[in-house]
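Below is one structure; the comments refer to it alone.
We're numbering straight along the sequence, starting at 1. The basis for the numbers below is simple: all heavy atoms, side chains too, and nothing from hydrogens, waters or symmetry mates.
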Amino acid sequence: MALKGLRARKRLWWPRLLLLSALGFLGLLLYRTAVVRQLEVFIPMGVCPSAIMPLVRDNFTGVLRHWARPEVLTCTSWGAPIIWDGTFEPDVAQQEARRQNLTIGLTVFAVGRYLEKYLESFLKTAEQHFMVGQRVVYYVFTDRPAAVPGVELGPGRRLRVEPVAREPRWQDVSMARMRTLHEALAGRLGREADFVFCLDVDQRFVGDFGPEALADLVAQLHAWHYRWPRWLLPYERDRRSAAALRPGEGDFYYHAALFGGRVAALRALTAHCARGQRRDRERGVEALWHDESHLNQFLWRHKPTKLLSPEFCWAPEVGRRMEIRRPRLLWAPKEYALVRA
């Protein structure tokens, strides 16, 4: 009888799963149309529980000013702050970073045509906005070290060029970076920097990106998905993949274009992602969103200690959003036909 009941429940579950999958796929197809995207603003973002509010703080932001942004979610269920413009005091963050005498690393991969298309703008705008007044070391990973443009750096800021092999497919370039970062964090980068941020090169800084972003493990809310209900988020669902999340799992959808933290935390993250990708290759599968899928799997099981709002890495193609007051990074127009050729 128990076996028959289990089979009956399975028969009832499959139609629901297929329906949810079909609705999710339809939503993804329609989402690229501006009219459908505008409906997104009516999806509530949630409210930070009052019991958690007094506890949400860290060395770099002090007590988070939740009341300054009542229209957005400013904390997670596990007590991590979500940093929006106006919820922190920039001077507090700057002073604390100087007090700790920090060095902050920034890694970026510029391989193939991504180098000439994006790298110079990325580095020049980083000099204007990224951790201004702090010690910074840039790590540029590239297959053409001699082509890295010369950029004038401010006091206490250095640039290191690290050669990497060019992979046969752009997907392999994306996935190989976790292994490369893990090795770099075990070497000179890990010895030089106290905190490290890992960013995509096809974006540019347009606003202050300061020590308010620092924490043990930092994740970025994806600009395209931060209002979506959890069942629609594009997690990996193929159970054969090491990146897979089951229905009901996951908190937010995090963007692999920006993540960071202390060296030890990033060593654990990159090791997990590289190990998962290796297992997938052995099984003959590939996660839907490559290293980003593995990143989301890790951050579901190992909660980030700070989340950055979509203001910190915004996509203008999403359209106007009243809650996006001061973007820090903007995605560059995606010219995949050119840079992935």
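A salt bridge links Arg65 to Glu89: one of the charged nitrogens lies within less than 4.0 Å of a carboxylate oxygen. Checked for salt-bridge contact, Asp200 and Arg177 meet the test: a charged N lies under 4.0 Å from a carboxylate O. A salt bridge links Glu192 and Arg160; the closest N-O separation between the charged side-chain nitrogens and carboxylate oxygens is under 4.0 Å.
The aromatic rings of Tyr139 and Phe141 lie tilted to each other, with the angle between the two planes from 30° to 60°.
No donor-acceptor distance shorter than 3.5 angstrom exists from the side chain of Glu317 to the backbone of Trp224, with no hydrogens or angles considered. The closest donor-acceptor contact from the side chain of Gln100 to the backbone of Leu102 lies at 3.5 Å or more, if one exists at all. A donor-acceptor pair is defined here as one N or O able to donate and one able to accept, closer than 3.5 Å; no such pair exists between the side chain of Thr87 and the backbone of Leu64. No donor-acceptor pair under 3.5 Å is formed between the side chain of Arg267 and the backbone N or O of Leu185. For Arg135 (side chain) and Gly156 (main-chain N/O), no donor-acceptor pair under 3.5 Å exists by modelled atom type. Of the possible polar contacts, one joining the Thr305 side chain to the Leu217 backbone as a donor-acceptor pair under 3.5 Å is found. Counting only distance, with no hydrogens or angles, the side chain of Trp84 and the backbone of Leu73 share a donor-acceptor pair below 3.5 Å. Side chain of Arg230 to backbone of Gly250: a donor-acceptor contact under 3.5 angstrom is found.
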Quick one: do Gln220 and Tyr226 satisfy side chain to side chain donor-acceptor pair (under 3.5 Å)? Show the steps, please. CA-CA 10 Å; Gln220 167 69 44; Tyr226 68 100; over 6 Å; no

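Contacts of Asn296 classified as side-chain hydrogen bond (donor to acceptor under 3.5 Å, both in side chains), with partners at least two apart in sequence or in another chain: none. Every residue two or more places apart in sequence or in another chain that forms a side chain to side chain contact (heavy atoms under 4.5 Å, CB included) with Asp143 is listed here: Val111, Arg166. In terms of the salt bridge (charged side-chain N to carboxylate O under 4.0 Å, His left out) criterion, Arg204 has no residue partners (sequence neighbours excluded). For Arg325, there are no side-chain hydrogen bond (donor to acceptor under 3.5 Å, both in side chains) partners, not counting sequence neighbours.
Tyr235 and Glu292 share no side-chain donor-acceptor pair at under 3.5 Å. For the 3.5 Å distance criterion, the side chains of Gln277 and His290 fail to qualify, holding no donor opposite an acceptor. Under the 3.5 Å distance criterion, with hydrogens and angles disregarded, no donor-acceptor pair is assigned to the side chains of Glu249 and Gln297. Side chain to side chain, Ser241 and Asp280 meet the donor-acceptor criterion of an N or O pair below 3.5 Å.
Annotation: Trp289 is not in aromatic contact with His255 [ring centroid separation under 6.0 Å not met]. Aromatic pair Trp314/His222: centroids not less than 6.0 angstrom apart. Between His129 and Phe205, the ring centre distance reaches or exceeds 6.0 Å. For Phe122 and Tyr118, the ring centers sit 6.0 Å or farther from each other.
When hydrophobic clusters are built by joining Ile, Leu, Val, Met, Phe, Trp and Tyr residues whose side-chain heavy atoms come closer than 4.5 Å, directly or via intermediates, Phe298 is grouped together with Trp78. There is a path of hydrophobic side-chain contacts, each under 4.5 Å, that joins Trp231 to Trp300. No single ILVMFWY cluster, assembled from side-chain heavy atoms under 4.5 Å apart, contains both Val132 and Leu123.
Note that CD of Glu236 is 5.0 Å distant from OG of Ser293, once rounded to the nearest 0.5 Å. With values rounded to the nearest 0.5 angstrom, Arg237 atom CZ is found 11.0 Å from Leu288 atom CG.
Among residue pairs with one or both ends in residues 295-316, those qualifying as salt bridge (Lys or Arg N to Asp or Glu O under 4.0 Å) are Asp58-Lys306, Arg69-Glu311, Asp251-Lys303; sequence neighbours excluded. Sorted by first and then second residue, the salt bridge (Lys or Arg N to Asp or Glu O under 4.0 Å) pairs with a member in residues 121-130 read Glu120-Lys124, Glu127-Arg157; sequence neighbours excluded.
Counting heavy atoms from C-beta outward, Phe197 and Met131 have side chains that approach closer than 4.5 Å.
A cation-pi arrangement is absent between Arg328 and Phe209 under the rule of less than 6.0 angstrom and at most 45 degrees off the ring axis.
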